[in-house]
Amino acid sequence: MSTLRISRTHFPVTALGPGLRLGIWVQGCTLACRGCMSQDTWNPVGGTEVEVDDLVVLWREAVGAGADGLTISGGEPLQQPAALRDLLRAVRRETGQDKDVLLFTGYDETELDEVRRGAADLVDVLVTGRYDVAAPTSRIWRGSANQRMVLRTELARRRYAEYVDHEPESPRLQVGPAGDGGVWIIGVPRRGALPGLTHDLRAMGLPPQDVTWRPSRDSTASGE
């Protein structure tokens, strides 16, 4: 079985898709969108190589704990397409078609080669397109107005149709303590929110020495 280089995993995720979800963030991205909040996931030799079998075990445990779906972000998941395809095939074997898979990718569908499309075809929902810091949006689970939510399966159309054009009053974010004494963030904040978050952390006595939305070697405030 293949390996996938990942940055981190988390369960439960409630800010990147409906219901309770297992989140997997892959490591490595050459797209390098200006203003990305997860620049700590760009380095292709960072993170950890994990056996796909071990990620399947993690998924099985999440399903046992009530997971409704799997969200995969990064980094750029489709820059590891063969390993991602192996993972998604195994996820489908484990749970059939009643748990949805949501994949965030900076690629548009027209950019997908045969291998990348082989992975994307196993996904229920794609959020596609480069993040454009100059084109803010209020639509849920998208960082910029050019990004599209593509519903690829009947399950996706049942579960996500109401969210395609949904604009919540404020984005859902999860914040919690990281194991290294820092803070992690899961979600898609609106433009301008991250400097405010840094200010709030300082006010709470948690001044970040480093943040994931600026180039760095280490991070004490992690963004997803």
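Please read these numbers as outputs of a predicted model, since none were measured by experiment. Residues take their numbers from the sequence shown, with the count starting at 1.
- Under the 30°/60° scheme for interplanar angles, the aromatic rings of W141 and Y160 are found to stand perpendicular.
- In this structure a side-chain-to-backbone donor-acceptor pair under 3.5 Å is present from Q174 to P12.
- Note that CG of D86 is 11.0 Å distant from CD of E51, once rounded to the nearest 0.5 Å.
- Between the CG atom of N146 and the CZ atom of R130 there is a distance of 9.5 Å, given to the nearest 0.5 Å.
- Between the side chain of E61 and the backbone N or O of L58, no donor-acceptor pair lies under 3.5 Å.
- Residue L126 holds its CG atom at 11.0 Å from CE of M149, rounded to the nearest 0.5 Å.
- Side-chain contact between I24 and L87 is present, with at least one heavy-atom pair separated by less than 4.5 Å.
- Donor-acceptor pairing under 3.5 Å is lacking for the side chains of T137 and R142.
- Atom CD1 in I6 sits 9.5 Å away from atom CG in D54 (nearest 0.5 Å).
- Annotation: E114, atom CD; neighbour count of heavy atoms from other residues, nucleotides and ligands within 6.0 Å does not exceed 12.
- The CG atom of L70 sits 11.5 Å away from the NZ atom of K99 when rounded to the nearest 0.5 Å.
- Of all heavy-atom pairs spanning R5 and G47, the tightest one is NH1-O, 3.6 Å.
- With sequence neighbours excluded, no residue forms a salt bridge (charged side-chain N to carboxylate O under 4.0 Å, His left out) with R172.
- How far OG1 of T153 is from CG of D100: 7.5 Å, rounded to the nearest 0.5 Å.
- A donor-acceptor pair is defined here as one N or O able to donate and one able to accept, closer than 3.5 Å; no such pair exists between the side chain of D132 and the backbone of A145.
- None of V26, T105, L31 except one satisfies the side chain to side chain contact (heavy atoms under 4.5 Å, CB included) rule with Q79; the exception is L31.
- For the residue pair T128 and Y107, the shortest heavy atom distance occurs at CB-O, 3.3 Å.
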Salt bridge (charged side-chain N to carboxylate O under 4.0 Å, His left out) evaluation trace for D121 with R85
CA-CA 9 Å; D121 284 346; R85 180 196 58 206; over 6 Å; no
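- D124 has a carboxylate O that lies under 4.0 Å from a charged side-chain N of R92, or vice versa, which qualifies the two as a salt bridge.
- Of the possible polar contacts, none joining the E94 side chain to the R60 backbone as a donor-acceptor pair under 3.5 Å is found.
- What you find for N43 and Q27 is that their closest heavy atoms are O-NE2, 2.9 Å.
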What do the steps show when you test R21 against D68 for salt bridge (charged side-chain N to carboxylate O under 4.0 Å, His left out), and what is the final call?
CA-CA 6 Å; R21 314 184 67 80; D68 299 296; over 6 Å; no
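- When all heavy atoms of V101 and L88 are compared, the closest pair comes out as CG1-CD2, 3.7 Å.
- Between the side chain of R139 and the main chain of D165, no donor-acceptor pair closer than 3.5 Å is present.
- L155 and D98 get closest at one heavy-atom pair: CD2-C, 4.1 Å.
- For the pair I72 and L84, the tightest heavy-atom approach, listed with the atom from each and the gap, is CD1-CD1, 3.7 Å.
- Using modelled atom types, one finds no donor on one side chain facing an acceptor on the other under 3.5 Å when comparing T110 with D108.
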